[in-house]
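One structure below.
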Amino acid sequence: PVPFSNGQKLYFVRAIPEGKAEQRKDGQEIWTSERIEGNWSEPQRVLNEANDLGNNGVIGSSADGNKIYVFNSTQSRRKRARGIAYLEKQVDSTWGELKKLNIDGFKIGDGYYSFYMNTTEDVLLISMAPDKKTINEDLFVSVKDQEGKWSEVQSLGPKINTPGVELSPFITKDKSALYFASNGHGGEGNVDIFISFRLGDGWNDWTTPKNLGTQINSKEFDGYFIIGNNKEVFFVSDRSSAAGDVYATKLVDRN
């Protein structure tokens, strides 16, 4: 889930869609729902510019909402960008063409991936397997410099990454707190959501990850934690269904 339009719209990924046989061939598709008078509307499949028969998802947006970043896993007959790309809003409020984001040394291969682009558009977090010998994802980062060039992807280091799985990273606006899902740090169940705080200006020194506890985590899979405006939180869990559902809550200040 990625909140948008000041939290009044939510982009999310839907996989294994219901419908006719041809529709069920689609991979992971981008859908959206709008909040109207406090209620979420019937979800709609959107962004045909970014959806194809592969796996696709919105992974972040600019602070003003005029640019959205997407993951596009396959190159279709229309030669869409494969990997990380972005779309910019045009003067008529439609989305422009998909443009690929170039990061030195980074290419999409086989395996599992998840991403988060922060709202200042200068930190891209990636979960992916560190090499071809394992399918378990670790967390990595690429940072954009003042000239607009993205750095080579680097690991977040051993405080975060384990021999288990680390995925679905999210970092706060001040770049100090990292939320992610893992089965390598202990916890309540299958995969839990953790928080760790960045130490210094680098990207490989962190506090010991702390489990968010039973108010968020369950005995099943919990991940894809993201904080929107007004301290609203969205995450995904399969605690009540065979597939993952989107959940929401709010951060509260405790004295």
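K159 NZ to R198 CZ: the interatomic distance, rounded to the nearest 0.5 Å, is 14.5 Å. How far CG of D138 is from CG of L156: 9.0 Å, rounded to the nearest 0.5 Å. To the nearest 0.5 Å, atoms CD1 (I193) and CG (L167) are separated by 10.0 Å. Atom OG of S151 is separated from atom CD1 of I103 by 8.0 Å, given to the nearest 0.5 angstrom. Atoms OG and CD1, on S176 and I171 in that order, are 7.0 Å from each other to the nearest 0.5 Å. One distance of note links CD of E152 with CZ of F140; it measures 11.0 Å at 0.5 Å rounding.
Nearest heavy atom pair, residue N136 against residue P163, reads ND2-O, 2.9 Å. The shortest non-hydrogen separation linking A177 to F197 is CB-CE2, 3.7 Å. Heavy atoms only, all atoms of each residue included: D64 and S62 are closest at OD1-OG, 2.7 Å. Smallest separation of non-hydrogen atoms from P3 and I226: CD-CD1, 3.7 Å. Of all non-hydrogen atoms in F225 and F235, the two that sit nearest each other are CA-CB, 3.9 Å. Taking both residues in full, the closest heavy atoms of W203 and W206 are given as O-NE1, 3.0 Å, listed atom of the first, atom of the second, then distance.
Between the Q90 side chain and the E88 main chain, a donor and an acceptor come within less than 3.5 Å of each other. Judged purely by atom type and a 3.5 angstrom limit, D238 has no side-chain atom pairing as donor or acceptor with the backbone of S241. A donor-acceptor pair under 3.5 Å links the side-chain atoms of D131 to the main chain of K133, judged by distance alone. Side-chain N or O atoms of S142 include none that pairs as donor or acceptor with a backbone N or O of V153 at under 3.5 Å. H185 places no side-chain N or O within 3.5 Å of a backbone atom of T208 that could act as its donor or acceptor partner.
With sequence neighbours left out, the side chain to side chain donor-acceptor pair (under 3.5 Å) criterion links Y69 to E121.
For the pair V13/W31, no side-chain contact is recorded, criterion being any heavy-atom separation below 4.5 Å from C-beta on. Between S155 and N204 the shortest side-chain heavy-atom distance does not fall below 4.5 Å. Contact annotation: the side chain of N102 approaches that of K100 to within less than 4.5 Å [non-hydrogen atoms, C-beta and beyond]. Side-chain contact between E97 and L87 is absent, with no heavy-atom pair separated by less than 4.5 Å. Within the 4.5 Å cutoff, the side chain of F170 has heavy atoms near those of the I227 side chain. Put simply, the side chain of I59 does not reach to within 4.5 Å of the side chain of Y116, judged on heavy atoms. Under the 4.5 Å side-chain criterion, counting only non-hydrogen atoms from C-beta, I126 is in contact with F106. The side-chain heavy atoms of Y11 and S61, taken from C-beta on, include no pair separated by under 4.5 Å.
Judged by a 6.0 Å distance limit and a 45° cone about the ring axis, K9 is not positioned over the six-membered ring of F4.
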Checking D222 against R239 for the side-chain contact (heavy atoms from CB on, under 4.5 Å) test, could you report, in this order, the C-alpha distance in whole Å, the side-chain angles of both residues, the deciding distance, and whether it holds? CA-CA 8 Å; D222 303 287; R239 66 190 66 188; 2.6 Å; yes
* To do: Dump the intermediate steps for salt bridge (charged side-chain N to carboxylate O under 4.0 Å, His left out) on D122 and K175, then the final yes or no.
  => CA-CA 10 Å; D122 57 356; K175 305 174 188 176; 2.8 Å; yes
- [ ] Go through T32 and I30 one step at a time and tell me if the side-chain contact (heavy atoms from CB on, under 4.5 Å) criterion holds.
- [x] CA-CA 7 Å; T32 191; I30 300 169; over 6 Å; no
- V165 and Y112: side-chain contact (heavy atoms from CB on, under 4.5 Å), yes or no, with the steps? CA-CA 11 Å; V165 172; Y112 298 102; over 6 Å; no
_Set out, in order, the CA-CA distance, both residues' side-chain angles and the distance that settles side-chain contact (heavy atoms from CB on, under 4.5 Å) for L139 and E137, then state yes or no._
CA-CA 7 Å; L139 298 187; E137 302 107 294; over 6 Å; no
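Note on E29 versus R45: salt bridge recorded, some NZ/NE/NH1/NH2 to OD/OE distance being below 4.0 Å.
Within 6.0 Å of CG in D201 there are 12 or fewer heavy atoms belonging to other residues, nucleotides or ligands. Other residues, nucleotides and ligands place more than 12 heavy atoms under 6.0 Å from the CD atom of Q8.
With hydrophobic clusters built from ILVMFWY side chains whose heavy atoms lie under 4.5 angstrom apart, V246 shares a cluster with W40. Under the 4.5 Å side-chain heavy-atom criterion for grouping Ile, Leu, Val, Met, Phe, Trp and Tyr, L251 is connected to Y224 within one hydrophobic cluster.
Aromatic ring pairs are classed by plane angle as parallel below 30°, tilted from 30° to 60° and perpendicular above 60°; the pair F194 and F180 is parallel. Using bins of under 30°, 30° to 60° and over 60° for the plane-to-plane angle, the ring pair Y113/F115 lands in the parallel bin.
Remark: the S182 side chain and the D192 side chain contain no N/O donor-acceptor pair separated by less than 3.5 Å. Between the side chains of N183 and N190, not a single donor N or O lies within less than 3.5 Å of an accepting N or O. Counted by atom type alone, S127 and S114 present one or more donor-acceptor pairs between their side chains at under 3.5 Å. When only modelled atom types and interatomic distance are considered, Y247 and S240 share a side-chain donor-acceptor pair under 3.5 Å.
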